Engineer: 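Following this message is one structure expressed as structure tokens.
For the numbers below, each heavy atom of this structure counts, side chains included, while hydrogens, waters and symmetry mates do not. The model shown is predicted, which means the values in this text are computed figures rather than measured ones. Read the numbers this way: they start at 1 and go in the same order the structure lists the ligands and their atoms.
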Amino acid sequence: MSGPAVARTRAELAGLLAEHRAAGAPVVLVPTMGALHDGHASLMRSARESLGPVGSPAAGALVVSIFVNPLQFGAGEDLDRYPRTLEADLEICAAAGVDVVFAPSVEEVYPGGPPQVVVEPGPLGDVLEGRTRPGHYRGVLTVVAKLFGLVRPDVGVFGQKDYQQLVLIRRMSTDLCLGVEVVGGETRRDDDGLAMSSRNIYLDADERTRALVLSRALHAAQAAAADGAEAALAAAREELAAVDGVDLDYLALTLPDLTALPEGPVAPGTQARILIAAKVGTTRLIDNLPVVLGRSA
Ligand code: PAF
């Protein structure tokens with residue numbers, strides 16, 4: 001199995017994509033911070049399927065970026081200990097049929113230090129994750145805009161696990177006319193229901209067991225949603241109350257675009273999203289699921 005070509009610089013990246021661009025082939029980008037797991041791999045595999053066989057410039061190019069973006073970490077967060085596992089990541093990329101891995105240094109992405117011009121997420125950047133992590137989505141959108149500028153993909157693929165990030169990136173691409181179609185890939189879960197995350201390796205065995213309550217709470221909400229929004233939230237809270245040592249940050253039920261549900265009863269079949277964030281030990285975990293509110297007649 002031959003591996004992907006690795007570009008460390010903008011110039012190397014441009015060189016590796018030149019043939020694909022000359023052939024007019026589409027480019028798909030899967031941006032990551034590395035420490036890849038099967039959640040990332042499934043995004044890559046479905047991107048590969050959409051592009052056609054690996055290695056032919058006429059087929060599209062699948063690019064994965066691996067960059068731990070300092071701009072999106074707040075003071076006291078895990079920037080320094082964030083897992084960096086490039087060798088293992090390259091093997092995962094090879095198995096998924098990635099053409100090019102772009103793994104730049106911080107200096108390559110931010111020559112001259114943090115950028116003076118950044119992408120502001122607007123009001124949606126101040127709620128949920130953004131409330132607890134001020135500036136986080138400014139950092140995310142700024143680096144994703146840079147990656148879109150460097151890779152110039154037709155399609156950008158992001159996991160739904162950070163659902164707020166997905167909604168914001170889609171909004172950025174539309175609002176700023178970036179011309180990148182933003183696709184959300186389904187969250188992958190371990191057999192016990194825990195959403196796959198690069199941060200799960202921080203959990204010890206006891207914490208991991210406690211962490212399972214997040215997905216249990218979301219699934220309970222999903223199951224109770226036929227009886228309405230209040231019933232869905234109550235079912236999730238009941239699950240959460242049964243487990244100690246889980247420090248809930250938020251449990252929120254919103255419309256799919258993350259705006260508030262209308263007051264009062266909603267029409268049967270209303271699509272919504274339930275989102276949760278909690279700290280288990282020192283590890284902050286997030287998860288979410290789609291829900292359908294109300295009982296169809
Ligand atoms: O989801 C991530 O891994 C990161 O937030 C992203 C989108 C790669 C930007 O650094």
Side-chain angles (χ1 to χ4, degrees), residues 7 13 27-44 47 62-74 77-86 88-89 92-93 96 98 100-110 114-115 118-121 124-125 128-130 132-151 153 155-173 176 178 180-188 195-202 258 275 277 283-288:
L13 176 69
V27 175
V28 176
L29 171 65
V30 183
T32 79
M33 298 206 300
L36 302 179
H37 48 69
D38 201 48
H40 297 109
S42 79
L43 301 180
M44 299 174 201
L62 175 54
V63 182
V64 169
S65 61
I66 297 181
F67 178 63
V68 182
N69 172 35
L71 227 59
Q72 70 189 72
F73 288 78
E77 291 189 353
D78 57 343
L79 173 61
D80 291 337
R81 69 171 182 143
Y82 198 86
R84 286 149 171 97
T85 57
L86 186 61
D89 292 348
I92 289 174
C93 291
V98 173
V100 176
V101 169
F102 181 43
S105 64
V106 173
E107 293 68 34
E108 188 66 21
V109 175
Y110 300 118
V118 293
V119 182
E120 283 296 341
L124 198 52
L128 303 170
E129 282 305 284
T132 303
R133 306 183 68 192
H136 171 65
Y137 287 118
R138 181 190 311 125
V140 169
L141 294 188
T142 300
V143 81
V144 171
K146 286 191 78 125
L147 292 168
F148 282 0
L150 291 168
V151 177
V155 177
V157 184
F158 298 82
Q160 289 179 13
K161 193 180 73 78
D162 191 338
Y163 185 77
Q164 190 175 2
Q165 165 174 283
L166 174 65
V167 170
L168 277 165
I169 292 171
R170 195 170 272 148
R171 188 81 204 233
M172 171 177 77
S173 190
L176 303 184
L178 300 183
V180 179
E181 183 193 344
V182 175
V183 171
E186 268 192 30
T187 303
R188 300 277 296 186
M196 290 186 185
S197 163
S198 305
R199 288 189 167 100
N200 289 353
I201 60 158
Y202 298 152
L258 295 179
L275 305 102
T283 308
R284 194 159 188 289
L285 299 170
I286 57 175
D287 199 354
N288 68 85

Engineer: Considering only heavy atoms of P31, which atoms of ligand 1 have at least one such atom less than 4.0 Å away?
Structural biologist: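 Selected atoms, number and element: 8 (C).
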Engineer: Give me the atom names and distance for the closest heavy-atom approach of P121 to L168.
Structural biologist: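 Scanning both residues completely, I find the closest heavy atoms to be O-CD2, 3.7 Å.
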Engineer: Mind checking whether I169 contacts ligand 1 via backbone (N, CA, C, O), side chain (CB onward), both or neither, at a 4.0 Å heavy-atom cut-off?
Structural biologist: neither
Engineer: Which residue owns the protein heavy atom closest to atom 10 (O) of ligand 1, what's the atom, and how far is it?
Structural biologist: Q72 OE1, 2.6 Å
Engineer: Under 4.0 Å between a Lys/Arg side-chain N and an Asp/Glu carboxylate O for E77 and R133?
Structural biologist: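 A salt bridge is present here (some side-chain N lies under 4.0 Å from a carboxylate O).
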Engineer: Does a side-chain N-to-carboxylate-O contact under 4.0 Å join D287 and K161?
Structural biologist: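 Judged by the 4.0 Å cut-off on N to carboxylate O distance, D287 and K161 do not form a salt bridge.
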Engineer: Which heavy atom in V109 sits nearest to a heavy atom in K146, and how many Å separate them?
Structural biologist: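 Closest approach of V109 to K146: O-NZ, 2.7 Å.
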Engineer: Decide whether the shortest distance between a heavy atom of V143 and an atom of ligand 1 is less than 4.0 Å.
Structural biologist: yes
Engineer: Check whether any N or O atom of Q165, backbone or side chain, sits under 3.5 Å from an N or O atom of ligand 1, and answer yes or no.
Structural biologist: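 It does: an N or O of Q165 is found under 3.5 Å from an N or O of ligand 1.
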Engineer: Is T32 in polar range of ligand 1, meaning some N or O pair under 3.5 Å apart?
Structural biologist: no
Engineer: Should the pair R170 and F158 be classed as cation-pi, given the thresholds of under 6.0 Å to the six-membered ring centre and 45° from the axis?
Structural biologist: no
